Each structure stands twice: as C-alpha cells, then as structure tokens.
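Only a predicted model underlies this, so the values are computations on that prediction, with no experimental measurement involved. Here is how names work: the chains are called A, B, and so on, in the same order as the sequence lines, proteins then strands, and each is numbered from 1.
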2 protein chains.
Amino acid sequence: MAQAQATPARATRAQATRPRNASRRAELVGVASRLFRERGYHGVGMRAIAEAADIQAASLYHHFASKEELLLESIYVVDRDLVVDQLPILEGEGTYRERLERLVRGHVGHIGANRDAWWVAGRELRALSREKLDEVQVYRRRYQHALGDFLAAGTEAGEFACDDPRLSALAVLDMINGPNEWWEPDGRLAIDELAARYAALALRLVGGDAPPRQARKRRSSAR
Amino acid sequence: MAQAQATPARATRAQATRPRNASRRAELVGVASRLFRERGYHGVGMRAIAEAADIQAASLYHHFASKEELLLESIYVVDRDLVVDQLPILEGEGTYRERLERLVRGHVGHIGANRDAWWVAGRELRALSREKLDEVQVYRRRYQHALGDFLAAGTEAGEFACDDPRLSALAVLDMINGPNEWWEPDGRLAIDELAARYAALALRLVGGDAPPRQARKRRSSAR
DNA sequence: TCTTGCCTAACGACTGTTAGGGAGGCAGAT
DNA sequence: ATCTGCCTCCCTAACAGTCGTTAGGCAAGA
C-alpha cells in the first residue's frame, strides 16, 4: 500500500481530523462501513468508497485524514458506543437475572441495529495501527471484565452458579456475539425474538435459569 | 485489483490446479494462512507470500492457479476437514451427553490446532468467488444441521432440554467458535482445559447438565 | 527427452495520498 | 448595498508504488 509520509501539511490534517460537517461525516462512514463489510478493508479503495458516495476520492480527505480514520469511525460505532450503552445496565436496578437478560437483549439488539459496523469491527481490527487498536481494545476489555465481575457477584448472591466467572463471561460473550456472523434481517427470527431467546439461553449458561429447577446454593429470597 | 481475464492458457491452469508436489503445496498453504491471518487476504500480496516462503512470486503459480486457490486451500483445512472429523462423533457410540462433550472437545481442540486456518476461514470467506463460497458453506450447513438434529434427538431421549434445537445448535456453535477470536497458546488456559470447560458449559446450555440437579424430564437410565 | 520447480522480466491496472484550484455562502468593513 | 476575505466542500491531475498474473527460459533429475 502507498505511503503516508510525514508532510508539512499538519494544519490540513488537523482540520480534517476535527469533525467538519458531522452529518455528512456520518453518512460517509455509513457508506464505508457497508463496503468494508462487503469486500473487506483492503478490498475496497478510496475511489470505490467515493463512487458509492457520489463524490471524488480526493474529496474524502476533506472529511477524513486517512482511510484508517474511516475504518476507526466505523469501529467506534460498535466498540465505544456499545460499552457506553450497556455498562449502565450491569450497575443498574433489578435482580442479577433481570440485568443479565437486559444486557443480552441490548447486545443482540445492537448487533441487529448496526450490522455493517459490527461485521467490520469483528474482522478488520488488524488493519488499525497499534495505537488505535489499543484504544479500541480497552473498550472491549472493560466490557468483558465488567461482565466477569457481574457474574461473580451474581454467583455470590446465589442467583447464578459460575465455577469460573471470568470464563463464563467469555462464553456468554462468545455466544451473544455469534449472531453477528449469521443473523440476517429476513431470516427466520426477528432480532427482538432472537435477543429474547439468547437471553434465556445465556441465563442457562450461567446457571441462572431457576424456575424449572431449584437453586444450587442456599438463598433467602422467596421463590 | 488486477484482472483475471480468460486466457488461452487453459492447460497451464489445469496443471496447476491438479496437486503437484503435495507436501510443498501444504507448506505454501501454511505460509499463506499465516500471512492471511496477520494482514488479511487483500492485505497480503503474492510477493509477500513468496518472500515468506523464500521463493519468487511467479513460482507460486507453478503450484496454484491463483491467489484465490491459496485461500481456498486454507479454508478447506477448517470447513471440510472439521466436518469430516466431527460428524462421526454425533453418529457414534455413547450417550447424547457423552457425544456432545466429545464434539465440543474436538471442536475447540481443532481451533487450537489450526489457528491460522480458523482465523482465515472465519473472516475471509467473502473473498471467494460465489462458486467456491457455496462449496464451503455446504460443509458449514451440514455441520450445523447435524448438530440441530442431534440436539432434537437428545431432547427427545430426555438427555437434553432444548425448546428449539435448531436455535440451540446455533447458540452452541456460536459459543464454541468463540475461542477462535481470543484464545492464544500462552494464555491462561491450555486448549485442552478450555475444551473441557466449554464442553461442560455447552451441556448446561442444552439443559444436559444433570449431575448437580435432577433431570427435567423422566428418564430411566441411572444417574 | 520430458517433467519438475524454480527464475527474471514485464503487462496494465489500481493503490493511498497530495497539490492546487474553483464555486458558493457568510461575516464584517466600507 | 457593495466589496473583501475567509471558510466549506468539492474538483482535476498527478505521484510513486503495489497488485495479480503471464511469458519464456534454465538447471536438475527421471
């Protein structure tokens, strides 16, 4: 691929990095996400993105400093925004079971609502520079650790039964990330339906599906 | 990307397609898998693959008709060989629980043993032509359907408790494919350990984790 | 003599990116 | 009310390099 030599045009770059027309930017990110999804980051050129946006390739550099920035913006839609939306659920109101169910529903719903970005975030991370990669992975790890802590606390409280909460967190995330690989809007299940069912399955996975069986550990709460 | 115009050199292509030196071929596929994993299919050029194999780019065409064939061979290691190895387990000896456990262990173990190929198969399918893509997806669907049928039969037999065996098959596969995204050889868990734990979690997921709780449906077999 | 496995050289197309300019709109000065 | 200067958003043209692939040849072994 071509070079990105350190130019004296620092001013130009700084301006392009600072959002100019925000809605136009979001529009272009959406177009790029779709193409990255269809053909992969390296499989799509700036000229192809530009053509899909009915613009010239060079004009993209008015909004974004580089192709990588276009990718990063796509990925933020998933990794940054998901954590911001979801973490409050774990610290919010309700029983551990209720909160886990809300988390899973929100997670699967987010996949359904941001399909292109999820696809891209799932397989194009390696195209990011180390610096940006680290930034994105901090969000991921925060989400993962928060879920691990939550499952540990829920087990402590007798609502779940996880031998190894950290591993259970990975297993739950592996499962609920799965629909990103196969779910399609015109498939057998609507996304809300799928989210509800996966929530129930996630409860099973962490030993929190109490109703049909009795609790594994002594608990004080009724029912 | 460059063209693949219909050439009159059909003979050359046919010869390259028929395996020549099988072990050399496998070696080159291994090198290609590794690079595809690290940088993505479109992120790696034939010259880079050649250099890693200590060869000239043009020489690769002595063994493979095209770059796509190199990718296809990488993917076969997963999608074709996995199905061939694993399907007999489902039709083999043992209780449903035992067979599911063997399947999960084999699946996770296969990921650990073929990391590069799994990574590539997980995210570079779109680079295949429709024709080859369909071929690969037939294997995937066969695996998925076989697991769905198996879970339905196991539920019928009272060993599992799946409301929707097809969906449970997807959930189990989503979970056990997960380690492909994050497992590393020098991590906290050895692959065999992880395989054993994920097998136990998969049993939970399908309602087949009898020992700590009593069976949900009437069964005759002891314990 | 034929095959295998590699080589050098070249093709045309495409890569990310930059330089530089032009049209239109808006703010402030005259 | 008009002019001036700046900012936004887009353009054309070009750069140096890389892409997948093919043609043609050469040395070693059967």
Fill in the blank from the handout: side-chain hydrogen bond (donor to acceptor under 3.5 Å, both in side chains) pairs touching residues 80-89 of chain B, sequence neighbours excluded, are Gln86(B)-Tyr143(B)

Problem - Separation of dG5(C) P from Phe64(B) CZ (nearest whole Å) - result: 12 Å

Exercise for the section: Taking only the side-chain nitrogens and oxygens of His62(A), find out if one of them lies under 4.0 Å from OP1 or OP2 of dC10(D). Expected result: no

Practice task
In whole angstrom, give the distance that lies between atom CE of Met46(B) and atom C1' of dT15(C).
Solution key: 18 Å

Exercise for the section: For Leu28(A) and dC10(D), give me the distance from atom CG to atom C1', rounded to whole Å. Expected result: 12 Å

Handout entry: For Arg197(B), salt bridge (charged side-chain N to carboxylate O under 4.0 Å, His left out) partners two or more places apart
Key = Asp164(A), Glu193(B)

Completion exercise
d(Phe150(B) CZ, Cys162(B) SG) to nearest 0.5 Å is 10.0 Å

Exercise for the section: Could you tell me the separation between the CG atom of Leu70(A) and the P atom of dG16(C), rounded to a whole number of Å? Expected result: 11 Å

Practice task
Answer yes or no for Arg115(B) and Trp119(B): cation-pi contact, defined as NZ/CZ to six-membered ring centre under 6.0 Å and angle to ring axis within 45°.
Solution key: no

Exercise for the section: Measure from NE2 on His63(B) to C1' on dT4(C) and round the result to the nearest Å. Expected result: 9 Å

Exercise for the section: Tell me whether the OP1 or OP2 atom of dC6(C) has a side-chain N or O from Arg24(B) closer than 4.0 Å. Expected result: yes

Exercise for the section: Only counting residues at least two apart or in another chain, list the ones meeting side chain to side chain donor-acceptor pair (under 3.5 Å) with Tyr198(A). Expected result: Asp174(B)

Exercise for the section: Take atom CD1 of Ile49(B) and atom P of dG20(D), then tell me their distance rounded to the nearest Å. Expected result: 7 Å

Exercise for the section: Please state whether the phosphate of dC19(D), meaning OP1 or OP2, lies under 4.0 angstrom from any side-chain nitrogen or oxygen of His42(B). Expected result: no

Problem - Whole angstrom value for the distance that separates C1' of dT15(C) from CZ of Arg39(A) - result: 14 Å

Completion exercise
Between NZ of Lys67(A) and C1' of dC14(C) the distance, given in whole Å, is 12 Å

Exercise for the section: Go through the structure and list residues passing salt bridge (charged side-chain N to carboxylate O under 4.0 Å, His left out) with Arg39(A), not counting sequence neighbours. Expected result: none

When the side chains of residues 46-55 of chain B are checked against the rest of the protein, which donor-acceptor pairs come out under 3.5 Å, sequence neighbours left out?
none

Tabulated below should be each protein N or O lying under 3.5 Å from an N or O of nucleotides 11-14 of chain D; please produce it.
unit_1  : atom_1 : unit_2   : atom_2 : d
dC11(D) : OP2    : Gln56(A) : N      : 2.6
dC11(D) : OP2    : Ser59(A) : OG     : 2.7
dT12(D) : OP2    : Gln56(A) : NE2    : 3.4
dA14(D) : N6     : Arg47(A) : NH2    : 3.3

